[in-house]
Amino acid sequence: MVHKSIIKKLGDKMKKSLISLATMVAWGSMALAGVASAQVKEVKIGYLLPLTADNAPQGQQSKRAVDMAVEEINASGGIKALGGAKLKIIYADTQSKPQVAVQEAERLISQEKVDFLAGAYNSGVTLPASEVAERYKKVWWTPVSSDDSITNRPGFKYVFRLAEKTSMRIVAQLDFIQAMAKQKNVPIKTVALVYENSGYGQGAALQWRKLVPQQGWKIVLDEPFDPKTTDPSPVITKVKAAKADIVLLANSFMPAAVMMAKSFKEQGVKPKAFFATSAAHSDPDYLKNAGDAALGVFDVSGWEPDVNRPFSKDVAKKFQDKYGLLLNNETAKEYAGMYVVKDVLERAASTDPEKVRNAFAATDLKEGMTQIYSNRVHFDSTGTFPDTSSLVLVQFLKVNGKVERVTVGPAEQARPGQKFIFPFEN
């Protein structure tokens with residue numbers, strides 16, 4: 001017969017062994033969790049931009065803005081919710097070609113294993129390339145592309161946009177014109193539409209055709225053009241013959257925008273105002289190359305170096321000191337966009353596609369570096385930024401003998417002491 005004391009000793013040993021085993025399992029689980037967390041050392045973002053070919057100047061500008069923001073974010077500790085994971089941008093050159101962008105989006109997802117995609121500057125390129133991300137259920141983040149259809153596609157859940165939609169930009173543009181006309185008591189009856197035959201240009205024209213008549217104005221010219229044209233004279237001739245009160249422009253390709261500005265001046269085309277719609281006209285190279293031919297042209301913009309917003313002057317100075325270039329409307333969105341990404345990843349605390357997607361959808365930023373673009377960054381049910389509060393009116397004016405982009409409205413965001421000239425006579 002086994003003695004009771006022996007049974008007790010055996011029971012105590014088994015209990016200690018079980019406790020030790022449980023402790024080992026617990027420590028093992030914690031160690032595994034630590035390993036899993038440590039594995040997120042970087043968040044890989046596939047960024048598509050036109051780095052060569054026609055829109056290379058704008059694409060390179062965007063890249064510089066993204067790089068500057070990423071350097072700042074990584075230097076300040078990365079994504080703290082992911083143990084300090086760093087942002088890693090893997091760039092792909094779209095060459096401003098939709099098919100190239102589609103192929104690169106596929107490559108970034110299947111080969112580079114990026115966590116999500118961003119880009120691609122041109123609306124006509126963003127549309128098909130973002131379909132790839134949607135198919136893979138990966139977020140597509142677009143800070144600049146403005147065509148309404150990018151976020152209006154039924155069933156799309158993974159596309160998010162910081163830029164104001166083209167329709168929002170057009171509404172603000174026409175409102176600015178009406179306000180100026182009323183203030184200066186200048187009647188407007190006729191409008192000419194001049195736009196490049198691209199996704200961006202066609203999107204602007206679509207909105208103009210719908211919204212211009214609602215202002216009580218008549219469209220007397222509806223003229224698309226090849227954005228790669230080397231001879232804008234046929235368009236200039238038609239605009240001159242139309243004798244419209246207002247000429248609305250939608251150009252994203254730099255050479256064409258500059259050639260048109262110079263041709264309008266040379267041919268003496270003088271409406272009450274030319275009104276651009278961001279894109280090429282907001283690029284510093286436009287001002288540099290158009291010079292006095294840009295004088296008087298108005299533009300609608302989401303950001304300017306002289307705009308009265310938090311952090312704007314400091315960010316603009318840092319960008320110029322770093323690259324020797326002016327930060328502009330589009331590149332400011334690229335910069336602010338990376339801080340939106342940082343906020344999203346902090347809240348998602350994961351690179352899981354669904355968690356990232358849901359964090360984008362729940363965004364409601366009211367402080368930090370995104371203030372250079374808007375005092376509130378959020379998205380509607382389609383994934384687009386729904387506000388026009390970021391939009392300002394700009395005019396190319398001569399200041400101290402030098403042509404500059406000057407913010408002239410709304411009054412609370414305008415450059416102090418500067419007023420618009422309407423109609424403009426050069």
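Residues Glu131 and Arg135 are not paired through a salt bridge, judged by the lack of any N-O separation under 4.0 Å between the basic side chain and the carboxylate. Ion pairing between Lys157 and Glu134 fails under the 4.0 Å rule for side-chain N and carboxylate O. A salt bridge links Arg405 with Glu304: at least one charged nitrogen is closer than 4.0 Å to a carboxylate oxygen. Between Asp222 and Arg209 a salt bridge is recorded (basic side-chain N to carboxylate O distance below 4.0 Å). A salt bridge links Glu164 with Lys333; the closest basic N to acidic carboxylate O contact falls under 4.0 Å.
Donor-acceptor pairing under 3.5 Å is recorded for the side chains of Thr384 and Arg161. Side chains of Ser278 and Ser301: no donor on one and acceptor on the other come within 3.5 Å.
Shown here are the side-chain hydrogen bond (donor to acceptor under 3.5 Å, both in side chains) partners of Lys322, two or more places apart in sequence or in another chain: Glu71. For Phe156, the ring-ring contact (aromatic ring centres under 6.0 Å, His included) criterion is met by no residue, not counting sequence neighbours. Listed by chain and residue number, Arg347 satisfy the side-chain hydrogen bond (donor to acceptor under 3.5 Å, both in side chains) test with Asp343 (two or more places apart in sequence, or in another chain).
Between His378 and Phe385, the ring planes lie perpendicular to each other; the angle is over 60°, past the 30° to 60° tilted range. Taking the six-membered ring where tryptophan is involved, the planes of Tyr339 and Tyr335 are tilted, since the angle between them lies from 30° to 60°. Note on ring orientation: taking the six-membered ring where Trp is involved, the planes of Trp141 and Phe379 are perpendicular (angle over 60°, cut-offs 30° and 60°).
A cation-pi contact, defined as under 6.0 Å to the ring centre and within 45° of the axis, is absent between Lys44 and Phe116. Relative to the ring axis of Tyr158, Lys138 does not place its NZ or CZ within 45° and under 6.0 Å from the centre.
Considering only heavy atoms from C-beta on, Met180 comes within 4.5 Å of Phe420 through its side chain.
Partner Arg376 forms a side chain to side chain donor-acceptor pair (under 3.5 Å) with one of Thr363, Asp387, Asp364 and no other, that one being Asp364. When each of Tyr195, Phe298, Trp208, Phe424 is paired with Phe275, the ring-ring contact (aromatic ring centres under 6.0 Å, His included) condition holds for Phe298 and for no other.
At distances below 3.5 Å, at least one donor-acceptor pair connects side-chain atoms of Lys113 with backbone N or O atoms of Ser110. A distance-only check finds no donor-acceptor pair linking the side chain of Asp147 to the backbone of Tyr200 [under 3.5 Å]. Formation of a donor-acceptor pair under 3.5 Å by the Gln413 side chain with backbone atoms of Val307 is not found in this model.
Between atom CD of residue Glu42 and atom CD1 of residue Ile79 there is a gap of 12.5 Å, rounded to the nearest 0.5 Å. For the atom pair OG of Ser374 and CH2 of Trp303, the computed distance is 15.0 Å after rounding to the nearest 0.5 Å. Expressed to the nearest 0.5 Å, how far CG of Asn55 lies from OH of Tyr121 amounts to 6.0 Å.
Annotation: Lys80, atom NZ; neighbour count of heavy atoms from other residues, nucleotides and ligands within 6.0 Å is above 12.
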